[in-house]
Amino acid sequence: MKIYAVSLGCPKNSVDTECVLKEITTTCPDPEFINDPQKADLLFVNTCGFIEAAVMESIDAILDLGSRKRPDQILMVMGCMVARYGKALEDELPEVDVFLGTHEEDGFKKELKAALAGFVGQGKTRRLFSIGALATNNAQTVQGAEPLTTPPWRAYVKISEGCSNRCTYCLIPRLRGGQRSVPAESIISEIRSLAGRGVKEITLVGQDLTAYRDGVVGLAELLEEIVFKIDLPSSLWIRLLYLHPTRLTPRLLDVIASCPSICRYLDIPIQHASDKVLRTMGRGYGQGLLEDLFKEIRTKIPDASLRTTVMTGFPGESEEDFEILMDFIKRWQFDQLGAFVYSDEEESASYRLTDKVSPKVARERRKKIMSAQARISKAKNAARVGDIEEVLVEGISSETDLLLVGRTRFQAPDVDGIVYINDGRASPGDIVKIQITDSHVYDLVGRILL
């Protein structure tokens, strides 16, 4: 069976996709993953349903495949969008043959195999499944398999599923359930396997990594076990996504500071800096905690690269609240920053709030933030000219075959800038020393040192 897969949304979705595709490979005869949907027997889409824009992207991907789908092809759709809208999708998307949700229920493997067996055996029927054992069992399921959604030199490892925070704008607890942690031994086993296969960068992912708990083992203890229980290559990078401000403890910072394998890259979504807005968001902290946290980070890990995410246009956000956020961003000079316009999702608690901010004002505020961040990023990158950095080579630039591209430890895949390499030879997956020779707003330019 030839399989064409599309994975949308966050890195956590990528891990889910790998889990399901791994199950498919054990069920279907002679599985082969291809890049041409027209030649596939199975079309597979893992959706995101977090906000309206993500839902529309998912629907567009499904409709695009559905419009070209042959009668003998199977279109299978899973993920957060299915969990969010359920059986209503059956009428709205008749081109889909099988829906798979995300909620944790028994019988995932049994139901998936039954569906695939039905198609293979010509008993083609439409069913709606709601499954999710893949989430908590991902370490055991993927273990020993080649990563399917990332290049062979990097991989995502999901250490937890769901979220027990109650941010008023967020649907993740509803779609994914409460926070559940993967057993530490399973995580360690998977990382050992990945490192043994030559993976150069392993990114630990979860909705809130700092909420990880396996008995007495929290995130700090887990990182220590990974670093000291596994004979890791000295060149391996371990990246952390994402860290909640209220649980980024002094002990966790000490562990990050003392372990060279862990990238000094701290992705800490703050969402806002106004006490009033943070309180209405249900974030569980105020500006004072953020000030103390970033002071401590700058003291303990002075070379840390700080990334954050903020939101504009949350209900009740006044011009004064916005200026508080702008001032905070300018003072702390984040290395990377993403800004998003609030999405008023009907199922969220914030949907019931009054004093809504117009989308136009929210977009204008986002534009101001990104303009300010562009100036910050440009100055920070210019200061790196002349530095020597390790770079993980990703391959030939999509813009020209005369350039290679790669990433430093302070650049995460898909969300941050890249390094253009204009001098020297290297292969994808190599880690090389680069001297930075030029800079742009978000990207750097460098040459390989012999």
Side-chain angles (χ1 to χ4, degrees), residues 4-17 19-20 37 43-69 75-104 126-132 134-135 149 158 161-163 165-177 205 207 242 269 271 281 309-315 338-353 356-360 362-363 366 414-415:
Y4 174 82
V6 177
S7 188
L8 303 173
C10 63
K12 299 181 291 297
N13 255 21
S14 297
V15 177
D16 288 352
T17 298
C19 295
V20 174
L43 306 170
F44 177 86
V45 182
N46 191 0
T47 64
C48 180
F50 183 47
I51 59 175
E52 182 180 358
V55 171
M56 295 309 300
E57 180 185 23
S58 297
I59 290 175
D60 287 344
I62 294 167
L63 292 177
D64 177 59
L65 289 174
S67 67
R68 296 178 288 159
K69 175 189 165 194
L75 178 53
M76 180 180 293
V77 175
M78 72 165 284
C80 289
M81 187 185 78
V82 180
R84 181 174 178 180
Y85 295 107
K87 287 186 178 291
L89 294 176
E90 289 192 289
D91 294 330
E92 297 296 328
L93 297 170
E95 49 272 278
V96 178
D97 298 299
V98 174
F99 290 99
L100 304 166
T102 61
H103 290 302
E104 190 170 333
R126 286 173 47 76
R127 296 179 62 191
L128 175 71
F129 298 119
S130 181
I131 54 92
L134 70 158
T149 61
K158 182 157 53 170
E161 176 59 279
C163 184
N165 298 323
R166 289 296 180 263
C167 303
T168 57
Y169 54 83
C170 184
L171 298 178
I172 293 299
R174 179 178 180 273
L175 301 178
R176 293 277 184 172
V205 295
Q207 194 63 33
Y242 310 91
Q271 305 304 346
M281 286 180 167
T309 305
V310 299
M311 182 187 301
T312 62
F314 189 79
F340 300 90
V341 171
Y342 167 75
S343 183
D344 205 24
E345 303 299 320
E346 187 173 355
E347 301 97 322
S348 68
S350 59
Y351 183 80
R352 298 188 294 273
L353 295 174
K356 298 291 174 68
V357 177
S358 76
K360 179 181 178 182
R363 290 192 297 269
R366 179 190 179 277
D414 302 324
V415 294

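A distance-only check finds no donor-acceptor pair linking the side chain of Asp97 to the backbone of Met76 [under 3.5 Å]. No donor-acceptor pair under 3.5 Å is formed between the side chain of Ser348 and the backbone N or O of Cys170.
To the nearest 0.5 Å, the span separating OG on Ser14 from CG on Asn46 amounts to 8.0 Å. How far CZ of Phe99 is from CD1 of Ile62: 7.0 Å, rounded to the nearest 0.5 Å. The CZ atom of Arg176 lies 12.5 Å from the CG atom of Leu171; values are rounded to the nearest 0.5 Å. Between atom CZ of residue Arg174 and atom SG of residue Cys163 there is a gap of 15.0 Å, rounded to the nearest 0.5 Å. Distance CG/Leu353 to OH/Tyr342: 6.5 Å, rounded to 0.5 Å. For the atom pair CZ (Arg166) and CD1 (Ile172), the distance works out to 11.5 Å, reported to the nearest 0.5 Å.
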*Go through Tyr169 and Gln271 one step at a time and tell me if the side chain to side chain contact (heavy atoms under 4.5 Å, CB included) criterion holds.*
CA-CA 11 Å; Tyr169 54 83; Gln271 305 304 346; 3.3 Å; yes

_Residue pair Phe340, Ile51: steps toward the side chain to side chain contact (heavy atoms under 4.5 Å, CB included) verdict_ = CA-CA 11 Å; Phe340 300 90; Ile51 59 175; 6.0 Å; no

*asked:* Is there a side chain to side chain contact (heavy atoms under 4.5 Å, CB included) between Val45 and Leu65? Walk through the geometry before answering.
replied: CA-CA 9 Å; Val45 182; Leu65 289 174; 3.5 Å; yes

_Worked verdict on Phe50 versus Cys80 for side chain to side chain contact (heavy atoms under 4.5 Å, CB included)_ = CA-CA 7 Å; Phe50 183 47; Cys80 289; over 6 Å; no

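Side chains of Ser58 and Thr47: no donor on one and acceptor on the other come within 3.5 Å. Of the N and O atoms on the side chains of Tyr242 and Thr309, not one donor lies less than 3.5 Å from an acceptor on the other residue.
A salt bridge does not link Glu95 to Lys69: none of the charged nitrogens lies less than 4.0 Å from a carboxylate oxygen. In summary, Lys12 and Asp16 do not engage in a salt bridge, as defined by a charged side-chain N under 4.0 Å from a carboxylate O.
Across every non-hydrogen atom of Val341 and Ala362, the tightest pair is CG1-CB, 3.6 Å. Among all heavy-atom pairs drawn from Ser7 and Thr17, the shortest one is OG-OG1, 2.8 Å. Among all heavy-atom pairs drawn from Phe314 and Val357, the shortest one is O-CG2, 3.5 Å. When every heavy atom of Asp91 is checked against every heavy atom of Pro94, the shortest pair comes out as O-CD, 3.7 Å.
Taking the side chain as every heavy atom from C-beta outward, Cys48 and Glu57 never approach each other to under 4.5 Å. Within the 4.5 Å cutoff, side-chain heavy atoms of Leu89 are placed close to those of Met81. Residues Lys356 and Pro315 have side chains in contact (heavy-atom distance under 4.5 Å, counting atoms from C-beta outward).
More than 12 heavy atoms of other residues, nucleotides or ligands shown are found within 6.0 angstrom of CD on Glu347.
Taking Glu52 as the reference, Met56, Ser343, Glu345 meet the side-chain contact (heavy atoms from CB on, under 4.5 Å) condition, with sequence neighbours excluded.
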